[in-house]
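Notes follow once the structure below has been shown.
On a predicted model such as this, the values are computed, not experimentally measured, just so you know. Residue numbers start from 1 in every chain, and the chains themselves are labelled A, B, ... in the order their sequence lines are given, proteins ahead of strands.
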Amino acid sequence: MTVELEWMNVDNLPLPSDVIEILKNRGIIKLNPPQTEAVKKGLLEGKRLLLTSPTGSGKTLIAELGIISFLFKHGGKALYVTPLRALTNEKYLTFKDWEKLGFKVAMTSGDYDTDDAWLKNYDIIVTTYEKLDSLWRHRPSWLNEAQYFVLDELHYINDPERGPVVESVAIRAKRRNLLALSATISNYTVIAKWLNAEPVATNWRPVPLIEGVMYPDKKGYTILFKDNTLKKVYGDDPVIAYTLDSLSRNGQVLVFRNSRKTAELTARKIASYMNFIPLDEKALSDIVNEIDQIEEGGSEEKESLKELISKGVAYHHAGLSKQLRDIIEEGFRQRKIKVIVATPTLAAGVNLPARTVIVGDIYRFNRRIAGFQEEISVMEYKQMSGRAGRPGFDEMGEAIIVVRDKKNIDKIFKKYILSSTEPLESKLGNERAFYTFLLGILSAEGNLSEKELANFAYESLLPKSLVDIYFDRAIQWLSEHSFIREEEGKLILTDFGKRVADLYINPFTADIIRKGLENHRSSCDIAYLHLLAFTPDGPLVSVSKNEEEELMGLIDDLDCDLLIEEPYEEDEYSLYLNALKIALIMKDWIEEVDEDTILGKYNIGSGDLRNFVETMDWLTYSAYQLSRELKLEEHADKLRILNARVKDGIREELLELVQISGIGRKRARLLYNNGIRGLGDIVMNVDKVKSLLGPKLGEKIAQEAARLLNRFY
DNA sequence: ACAGAATTTCTCTAGACAGCATGTC
DNA sequence: CTAGAGAAATTCTGT
């Protein structure tokens, strides 16, 4: 790989002076080596590039320059696509800068927006891969104006579940103009060729990185660094020993662990040593107070974090509420929190550098194969170690891999530190991904002949021989299950197929829903929830042995028969129980069971509950739409209400009250139990509402209730 | 024979995208 | 196949 060290002066860029002004306002006088290289390869002339470089090496600015120069030259729209909503938000805020030049910036993702007309007035649109894929299926007219695509974090192609979406977006984007950005990958020339783009590959990092492997050695631990130097640290636990070492040198530490439980445990252990570390106690108690203020999050997780944070330590995983995670990240960024122990949540995603990164576990439990521990990928390690070194604070970043078994030292050192990352490969080679891919293409492109459709598939990264295998099977399956039909030599989506594509659910999900609904005239909440949770799009939750037994005993006592027959096969059966657990969680949720109670009863975090609600909201809505499409009116009526209840976690009687923004399940219940049962009651009892919810909120709510009422008359 | 200690066996395990409604973007 | 922590079950030990 080439290593260039040229820094181009911003003044020398062939760009309008106001663009250069904006860069200088940000404090950018010179472009760093990767940025310089990209410019030299024709970035500003709209040349198609694939840029691979480490995290934090300034790829965003490259994208900005590419977008701005393209828009100046050709007009139209530019789309910036990321794999994460948090990233979408982050880039949106960065790109806002360009509104000074008259470019309008918008973002859109599943939790935020649809394809509505307002996007047509914007020049730069930041979105996720899934959202763009979905937009394409809906074919809004403004999308034709989008001619420049920035594909961020393209290495997500390797993700077994989400990679196929990235790939299919890339296939369509490469028919226009694109700029692809990726972490360092080994086969970048192959990928560049696939994208019909010029590769720009660098290893340059803003803060140099020193990597090492830490292993048990007499009376302590030894670290072997990449430059062959050795360092010795003492203590019982390697992770804690090195964390304290880095803290004593005034560094911040990011520790990665492979399970939530060990992340929490490690954080607690570290906290018990923090008396020796100077802390800004005032600032930390401010954070603790902030946690008391937030609404989201179970009380247990809040309490345990408050205790740790007061000692400058936190843990971080997806079981925590979003608000809690945001507070922790910000506290770390402000350098008040000194140590975060995290699961892989923090490996990808928003920028959160630390001087020291400790990779506590190289093995991870594999859900698919029981009892199997697999080594994490090199890519994953690079994502984690890439967080090491904070520009402006650290001269050097350090990434330490903990090896517990001495005989693995060489192997681990070689694999993670000396070798390059895995090549990017297509993950379209399975039925679920491939069928979904074809359905999406047909939905986005309209009717195509079999040959035209196949040509899209041949443009994927999947080897032709595999395309041929899956293609015929896909066409047959999609026809037999009436997603598509053939007319005058063209493949056409049926109404049902189009609906499924628009709802963005997997065709297998749709098929399961249809069969479940068509076999019964009407059913009960639990059965609907179970059916939906059982589909491939349904959420996964861990079910312990004890819970399994309980669930099995419960099946016969349910209000009504489930819509799925009990499977015989073991794997299927555990999915069946998984779905039942989800159904019970959601049932409690819509019966207004207190959140803390739900979290405790099912042993989940508030972040998990939020996830389940989000997914089941989407699926109940989709099932409602499908039942209408299939003219199953009784199901449709029930699913419509179920969907509304899942969205807010309420009984049916509160549906009217939760229309008001700022009123959720708790406030609605409070009002209802005090005789305020609808919008009219609010308007007529404003004083009572104010006394229940406080004057300020009460007033706001009364106004909105009045506004909503007016809309009806 | 039995309480309590030592040892073996069992159990558990990461993350996060998508629809739609609308007056924000 | 390539794990490690904690709880539960089982076996061992000393009196």
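- Nearest-nucleotide positions on DNA chain B for E130(A) and T343(A) put T343(A) closer to the 5' end.
- Comparing the P positions of dC1(C) and dT9(B) gives a spacing of 16 Å, expressed to the nearest Å.
- Considering only side-chain atoms of A318(A), the nucleotide from dA18(B), dT11(B), dA16(B) that sits closest is dA16(B).
- One can place CG of L151(A) at 17 Å from P of dC17(B), the figure rounded to the nearest angstrom.
- The F365(A) side chain lies nearest to dT13(B) when the options are dG19(B), dC25(B), dT13(B).
- Both cation-pi conditions hold for R514(A) and F496(A): the charged atom is under 6.0 angstrom from the six-membered ring centre and inside a 45 degree cone around its axis.
- Residue K647(A) is in base contact, counting any heavy-atom pair closer than 4.0 Å across all strands shown.
- Between E296(A) and R610(A) no salt bridge is recorded (no basic side-chain N to carboxylate O distance below 4.0 Å).
- The pair R257(A)-D361(A) counts as a salt bridge, with a side-chain nitrogen and a carboxylate oxygen less than 4.0 angstrom apart.
- In the set dA14(B), dA16(B), dG19(B), dA16(B) carries the atom at the smallest distance from any side-chain atom of N611(A).
- Comparing dG15(B) with dT11(B), their P atoms sit 24 Å apart, to the nearest whole Å.
- Regarding N506(A), its CG atom lies at a distance of 13 Å from the C1' atom of dC17(B), rounded to whole Å.
- Contact annotation: T345(A) side-chain N/O to dA14(B) OP1/OP2 distance is not under 4.0 Å.
- Taking the charged nitrogens against the carboxylate oxygens, K545(A) and E548(A) have no contact shorter than 4.0 Å, which rules out a salt bridge.
- The base of dA18(B) sits with one of its N or O atoms less than 3.5 Å from a complementary donor or acceptor on the side chain of T615(A).
- Residues K269(A) and D236(A) are not paired through a salt bridge, judged by the lack of any N-O separation under 4.0 Å between the basic side chain and the carboxylate.
- We find that E375(A) and K411(A) are joined by a salt bridge, their nearest charged nitrogen and carboxylate oxygen being less than 4.0 Å apart.
- To the nearest angstrom, C1' of dA18(B) lies 14 Å from CZ of R499(A).
- Here D502(A) lies in heavy-atom contact (under 4.0 Å) with sugar-phosphate atoms only.
- Taking only side-chain nitrogens and oxygens, R610(A) never comes nearer than 4.0 Å to OP1 or OP2 of dA16(B).
- Residue side chain R162(A) does not reach the base of dG15(B) through any donor-acceptor N/O pair under 3.5 Å, judged by distance alone.
- Rounded to an integer number of Å, the gap from CZ of R257(A) to P of dC12(B) is 20 Å.
- No contact: I505(A) has no heavy atom under 4.0 Å from any strand.
- Between R260(A) atom CZ and dC12(B) atom P there is a gap of 16 Å when expressed in whole angstrom units.
- Comparing dG19(B), dC12(B), dA18(B) against the side chain of D617(A) picks out dG19(B) as the nearest.
- Remark: DNA chain C takes part in the stems B:1-13 with C:3-15, each of 3 or more antiparallel Watson-Crick or G-U pairs, criterion distances under 3.5 Å.
- The aromatic rings of H317(A) and Y315(A) lie parallel to each other, with less than 30° between the two planes, well short of the 60° mark.
- When V357(A), I328(A), I340(A) are each tested for a side-chain contact (heavy atoms from CB on, under 4.5 Å) with L346(A), only one passes: I340(A).
- A salt bridge does not link E161(A) with R367(A): every distance from a Lys NZ or Arg NE/NH1/NH2 to an Asp or Glu carboxylate oxygen is 4.0 Å or more.
- Electrostatic pairing of R162(A) and E130(A) counts as a salt bridge here, judged by a charged N lying under 4.0 Å from a carboxylate O.
- The aromatic rings of F149(A) and W136(A) lie parallel to each other, their planes meeting at an angle below 30°, with 60° marking the opposite boundary.
- Comparing L265(A) and N258(A) by the nucleotide of DNA chain C whose heavy atom lies nearest to each, the residue mapping closer to the 5' end is N258(A).
- Taking atom C1' in both dA3(C) and dA14(B), one finds a spacing of 15 Å when rounded to whole Å.
- Toward the 5' end of DNA chain B, the nearer of the two residues E161(A) and E704(A), judged by each one's closest nucleotide, is E161(A).
- As rounded to whole Å, 18 Å separates atom P of dA18(B) from atom CE of M616(A).
- Residue contacts shown for R404(A) are limited to sugar-phosphate atoms, with no base heavy atom under 4.0 Å away.
- Under 4.0 angstrom from either OP1 or OP2 of dC12(B) there lies no side-chain N or O belonging to S259(A).
- When both pairing distances are held under 3.5 Å, dG19(B) makes no Watson-Crick or G-U pair with any nucleotide shown.
- Separating the CG atom of D608(A) from the P atom of dT13(B) is a distance of 11 Å, rounded to the nearest angstrom.
- The side chain of R707(A) approaches dG23(B) more closely than any other nucleotide in the set dG19(B), dC25(B), dG23(B).
- Which of dA16(B), dG15(B), dA18(B) sits closest to the side chain of L84(A) comes down to dA16(B).
- Comment: D502(A) engages K498(A) in a salt bridge, judged by a side-chain N to carboxylate O separation of less than 4.0 angstrom.
- Put simply, CZ on R85(A) is 21 Å from P on dC25(B), counting in whole angstrom units.
- Between H138(A) and dC20(B), a side-chain N or O to OP1/OP2 separation shorter than 4.0 Å is present.
- Among the protein residues, Y129(A) comes within range of no part of the nucleic acid, since none of its heavy atoms lies under 4.0 Å from any strand.
- Between S622(A) and dG19(B) there is no side-chain N or O to OP1 or OP2 distance below 4.0 Å.
- Contacts of V105(A) with the nucleic acid, taken as non-hydrogen atoms under 4.0 Å apart, involve only primed sugar atoms and P, OP1 or OP2.
- In summary, contact between chain A and DNA chain C, defined as any nucleotide atom under 4.0 Å from a heavy atom of the protein, begins and ends at dC1(C) to dG6(C) in the 5' to 3' direction.
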